[in-house]
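Report on one structure; see the data block that follows.
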Amino acid sequence: MSDALDIALRLLAVFAVFLVFPLVIGQTEHKVMAHMQGRLGPMYAGGFHGWAQLVADGVKFAQKEDIVPAGADRRIFQLAPAVALLPYLLVLVAIPIGPHNAVGQALDAGIFFVLAVMGVGVLGSLMAGWASANKFSLLGGLRTAAQLLAYELPMLLTAASVAMAAGTLSLPGIIEAFHWWWVPWQMVGGLVFFTAGLAELQRPPFDMPVADSEIIFGAYTEYTGLRFALFLLAEYAGIVVLCALTSVLFLGGWHGPFGADGLGWLWTLLKTVILAFGVIWLRVTYPRLREDQLQKLAWTVLIPLALAQIALTGIVKVVISS
């Protein structure tokens, strides 16, 4: 009975994080972009600092009419938002936030699990683009597929480098094996992993699949109301997952200058929040890459850097072991 209660409490905590953190990231993006770009609109709703902007957005999405195009594959069209969103809930179950088994479910091959499930989330965009019966949506779906193929490989290679360094595929095991001198050694891999993750989330400047100036809004062109809101929520949930995973793999997770045992969860949260701020900053700062530039970055820059990181990890492991 106690085991069942423990599992229920862990799942409830993961579900609460899943419901709250993406909304916090969305609200933060409104405010950070408003300050960086001098946009006054998001700062007015509700009075003080535009606190009601998120509520206003939710009401707007809820009251919009739910439309399914006449030529669409109705079942696939309606299922796509859930396929895009739910994988991130499953990934959160395996990401440790603190020491002493502070994780929804510790998995021996946790790094394989989270990367595989994150890849499933991209299928939601592919399903939406194919099922919408719209040429712009189909083009957005094809761009999503090309982007997935290009950027999944550097993510896997850099994650494999960390697993090689730690000697385990378990996420808690990777954090326990972490040493601070890993940070400069694995820094290139961390940058490659984070960049590839942004591209998989189709975040600016890697948002060619949803380029509103070219293909309206890509795979999501025909979506309205709450279905479109689910795609946005999936994007923000993906930011939470990517930033948390980057902090676990490359920044030591719950390790901090002091109080790692008692304040471990706080260090993980702080690193995740700082990385999420960086995601928003990149959106405001850099223009969208062209499709050829996007592919060139993956195949001629990120993948060679990821391979070099694996080679360096192998050399360091051999030197240490000898």
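Remark: I239 CD1 to E235 CD distance equals 5.5 Å, nearest 0.5 Å. Distance check, rounded to the nearest 0.5 Å: CG of L245 to CZ of F250 gives 8.0 Å. Put simply, CG on L123 and CG on L148 are 7.5 Å apart, with the number rounded to the nearest 0.5 Å. Note that the CZ atom of F178 and the CD atom of Q186 stand 9.5 Å from one another [nearest 0.5 Å].
Hydrophobic clustering of Ile, Leu, Val, Met, Phe, Trp and Tyr side chains at less than 4.5 Å, counting indirect connections, keeps L242 apart from V32. V240 and L269 fall within a single hydrophobic cluster, where Ile, Leu, Val, Met, Phe, Trp and Tyr side chains are chained together by heavy-atom contacts under 4.5 Å. By the criterion of side-chain heavy atoms lying less than 4.5 angstrom apart, applied directly or through intervening Ile, Leu, Val, Met, Phe, Trp or Tyr residues, L198 is grouped together with F193 in one hydrophobic cluster. Under a hydrophobic-cluster definition in which Ile, Leu, Val, Met, Phe, Trp and Tyr are linked whenever side-chain heavy atoms come within less than 4.5 Å, directly or via other members, V301 and V192 are assigned to the same cluster.
Not one N or O on the side chain of T285 forms a donor-acceptor pair closer than 3.5 Å with the backbone of L282. With hydrogens and angles ignored, the 3.5 Å screen pairs no side-chain donor or acceptor of Y236 with any backbone N or O of V24. Checked by atom type and distance alone, the side chain of Q147 pairs as donor or acceptor with a backbone atom of A199 at under 3.5 Å. At least one donor-acceptor pair under 3.5 Å links the side chain of T224 to the backbone N or O of I67.
Defined by atom type and a distance below 3.5 Å, a donor-acceptor pair is missing between the side-chain atoms of Y220 and S132.
Considering every non-hydrogen atom in both G238 and Y88, the closest pair reads CA-CE2, 3.7 Å. Smallest separation of non-hydrogen atoms from A94 and L171: O-CD1, 3.4 Å. Nearest heavy-atom pair, A163 versus I174, reported as atom, atom and distance to 0.1 Å: CA-CD1, 4.4 Å.
Under the ring-ring contact (aromatic ring centres under 6.0 Å, His included) criterion, the residue pairs touching residues 144-172 are Y151-F206, with sequence neighbours excluded.
At most 12 heavy atoms of other shown residues, nucleotides or ligands fall within 6.0 angstrom of atom CZ in F112. With a 6.0 Å radius and a threshold of 12 heavy atoms from other residues, nucleotides or ligands, D66 has its CG atom above the threshold.
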(request) Quick one: do R227 and F61 satisfy side-chain contact (heavy atoms from CB on, under 4.5 Å)? Show the steps, please. (result) CA-CA 9 Å; R227 297 190 196 280; F61 284 127; over 6 Å; no
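Put simply, the residue from R288, R283, R143, Q202 that forms a side-chain hydrogen bond (donor to acceptor under 3.5 Å, both in side chains) with D207 is R288.
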